[in-house]
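Order of the sequence lines fixes the chain letters, A, B, ..., with proteins taken first and strands second; residue numbering starts at 1 for each chain.
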Amino acid sequence: MIVALALPRLAASGTRVVAVAGRNVVALRSVGWLAFVSGALEPFLYLFSIGIGVGTLVGDMRLADGSVVSYAAFVAPAMLAASAMTGALTETTFNFFGKMKFWKLYDSVLATPVGPMEIAFGELCWAMTRGALYSASFLAVMVAMGLTGPLSALAALPATVLIGFAFGAVGMLVATYLRGWQDFDLIGTIQFALFLFSGTFVPAEAYPAVVRWVIEVTPLYRAVDLIRAITAGGLGWFQVLDVAYLLTLLGLCLWGASRRMSRLLRR
Amino acid sequence: MTPMIEAAGLVKRFGDFTAVDGIDVTVQPGESFGFLGPNGAGKSSTMRMIGCVSPPTDGLLRILGMDPVRQGPAIRARLGVCPQLDNLAPDLTVLQNLTTYARYFGIPRREARRRATELLEFVQLSERSGAEVEPLSGGMKRRLTIARALINEPDLVLLDEPTTGLDPQARHLVWERLFRLKQRGVTLVLTTHYMDEAEQLCDRLVVMDAGKIVAEGSPRALIERYSTREVVELRFQAESQSGFAAKLEGIGERTEELPDRILLYASDGDAALTEVHARGLSPSGALIRRSSLEDVFLHLTGRTLVD
Ligand SMILES: Nc1ncnc2c1ncn2[C@@H]1O[C@H](COP(=O)(O)OP(=O)(O)O)[C@@H](O)[C@H]1O
Ligand SMILES: [Mg+2]
């Protein structure tokens with residue numbers, strides 16, 4: 001009975017989430033193709049310059065489970081995780097913030113049956129669709145270069161989507177606190193620090209114990225750990241922890257973001 | 001019949017500032033209802049509560065017979081909202097602004113396109129269908145926002161200052177379209193600080209000032225009740241004006257003194273002006289006109305609507 005009552009409401013809510021996400025597709029058609037394509041390029045630049053270039057100097061890497069892989073195979077999953085993060089954060093901070101504060105887009109959306117949670121979730125779904133396309137293209141190149149197997153690549157794709165969702169939710173929550181464009185410098189710096197130190201280019205084990213612990217609780221480290229275990233090897237219980245960590249982050253931030261939106265826009 | 005809007009003792013506070021101070025309003029289906037008041041009167045705050053995007057601080061509010069706090073989405077599905085400031089999407093074309101908005105109401109793609117095309121026709125923007133929004137004139141943007149408000153075929157249309165900032169020609173075009181909606185039986189609720197707009201479009205209105213309703217009725221009834229049939233506007237050389245008000249004592253029913261002129265309220269303007277001249281007063285300018293809602297507002301609050 002309760003299910004029968006809830007289902008139509010859930011379906012209506014789903015339609016509204018799709019409408020929010022779909023708006024971006026319409027907008028893309030009219031302006032943003034170039035930006036869309038250029039966003040896919042960044043991880044490749046890092047992979048080729050550092051993974052392969054620096055890799056010839058570094059040699060092979062030993063993973064936690066004892067297996068040995070090329071430096072490119074070590075760096076590639078990190079680039080993938082980092083680009084999932086960057087893509088999601090860009091979409092949800094810059095774009096979401098601009099739409100909310102400058103275009104007042106959501107003021108007009110909230111005058112319809114669409115609610116804050118549906119907006120947050122819809123925008124996030126869009127960010128993820130876009131991120132998943134980027135990730136898929138990167139994984140395809142990894143397979144072609146022999147940096148991972150095709151099955152591992154298939155398994156890594158949903159993991160990148162989860163990473164995107166989690167960081168997208170973080171970005172959205174952060175966006176509701178931003179005062180102006182000046183705050184983006186700070187976000188950029190934090191993002192870059194995460195990018196450099198999350199076991200991306202050097203394993204966390206290389207740092208002193210205290211620093212290592214700090215690194216290991218940051219979200220990008222957990223994301224890199226998850227993808228690396230899938231594409232390079234060493235899948236185990238730790239990755240269950242990674243998934244749980246990212247899911248929790250996603251849930252908390254999404255809830256927080258929709259609450260903040262209600263407070264900001266429904267005064 | 002269930003009223004479209006029913007408010008009793010409705011209050012909106014921001015912190016300890018009271019923007020809407022206990023208003024009672026009932027709007028019946030098919031009515032054209034207006035909130036007339038100067039800037040800061042609390043019109044937009046009221047409209048946002050009616051539009052279910054701003055929770056009332058206190059009092060009773062029923063929209064379409066439903067509770068805006070618990071049944072917000074169901075109510076908003078049947079409302080058309082034209083906010084005070086246009087918030088069209090600059091990254092979409094004119095047509096896309098309507099079709100994407102339709103999707104928020106769950107209107108299927110094809111139907112959305114059909115309605116959007118029809119509405120662009122209605123607001124005379126068909127030729128701009130594929131154009132970007134930004135280069136449009138203020139009047140065009142306003143018409144597009146009104147079209148957007150109609151995409152879900154609403155039972156109740158809320159228009160917050162539909163023509164503020166538009167040039168006279170653009171205003172008349174908007175009025176004409178709104179008048180057609182009214183004739184179709186759509187319930188319109190609008191706010192304005194233009195008395196001519198209220199007179200043109202409203203069957204009934206409330207005069208708002210500082211969060212309170214100070215009068216209610218049809219434009220004509222309000223004028224009959226709070227003003228005289230005619231008004232004589234007298235202008236004097238600025239520095240000498242103050243002395244003249246006293247000398248007008250006894251002519252007409254009453255006078256109002258504004259910084260640049262004196263208003264003399266009388267049922268017969270010609271007779272009153274003759275009397276002014278008979279007293280040996282020679283204003284530098286004199287104009288006889290019919291009373292308007294502006295005079296009603298002035299009488300009720302001692303201030304003008306538009307400063
Ligand atoms: N979100 C808000 N926070 C604080 N004060 C507000 C807010 N919105 C409106 N006000 C104040 O409430 C009063 C009434 O505003 P408003 O309803 O916009 O009046 P109107 O639309 O009649 O010009 C104004 O003094 C305005 O400054
Ligand atoms: Mg206003």
**Request:** Check the angle between the aromatic planes of F48(A) and F44(A) and answer parallel, tilted or perpendicular using the 30° and 60° thresholds.
**Result:** parallel
**Message:** Heavy-atom cut-off 4.5 Å, strictly under: side chain, backbone, both or neither for V20(A) against chain B?
**Reply:** both
**Which of G51(B), A74(B), P90(B) touches chain A most, by non-hydrogen pairs under 4.5 Å** = P90(B)
**Request:** For chain B, find its close neighbours in residues 155-173 of chain A: heavy-atom separation under 4.5 Å, sorted by number, or none.
**Result:** none
**Asked** Are a donor atom and an acceptor atom from the side chains of E161(B) and T192(B) found within less than 3.5 Å of each other?
**Response** no
**Asked** Within the distance-only criterion (no hydrogens, no angle test), does the side chain of R142(B) pair as donor or acceptor with the backbone N or O of P162(B) below 3.5 angstrom?
**Response** yes
**Prompt:** Parallel under 30°, tilted from 30 to 60°, perpendicular over 60°: which one fits the rings of F94(A) and F184(A)?
**Reply:** parallel
**Prompt:** Side chains of K99(A) and N24(A): do they bring a donor and an acceptor to under 3.5 Å?
**Reply:** yes
**Message:** With a 4.5 angstrom heavy-atom cut-off, is it the side chain or the backbone of R148(B) that approaches chain A, or both, or neither?
**Reply:** side chain
**E127(B) atom CD, neighbour heavy-atom count above 12 within 6.0 Å** = no
**Asked** Does a side-chain heavy-atom distance below 4.5 Å link V123(B) with M140(B)?
**Response** no
**Asked** Given the options A19(A), A12(A), G115(A), which has more heavy-atom pairs under 4.5 Å with chain B than any of the others?
**Response** A19(A)
**Prompt:** Quick one: what part of V81(B) sits under 4.5 Å from any heavy atom of chain A, side chain, backbone, both or neither?
**Reply:** side chain
**Interchain contact, T100(B) with chain A, by part (heavy-atom threshold 4.5 Å)** = side chain
**Prompt:** Are R260(A) and Y177(A) in a cation-pi contact, defined as NZ or CZ under 6.0 Å from the six-membered ring centre and within 45° of the axis?
**Reply:** yes
**Prompt:** Would the number of heavy atoms belonging to other residues, nucleotides or ligands and lying under 6.0 Å from CZ of R259(A) be above 12?
**Reply:** no
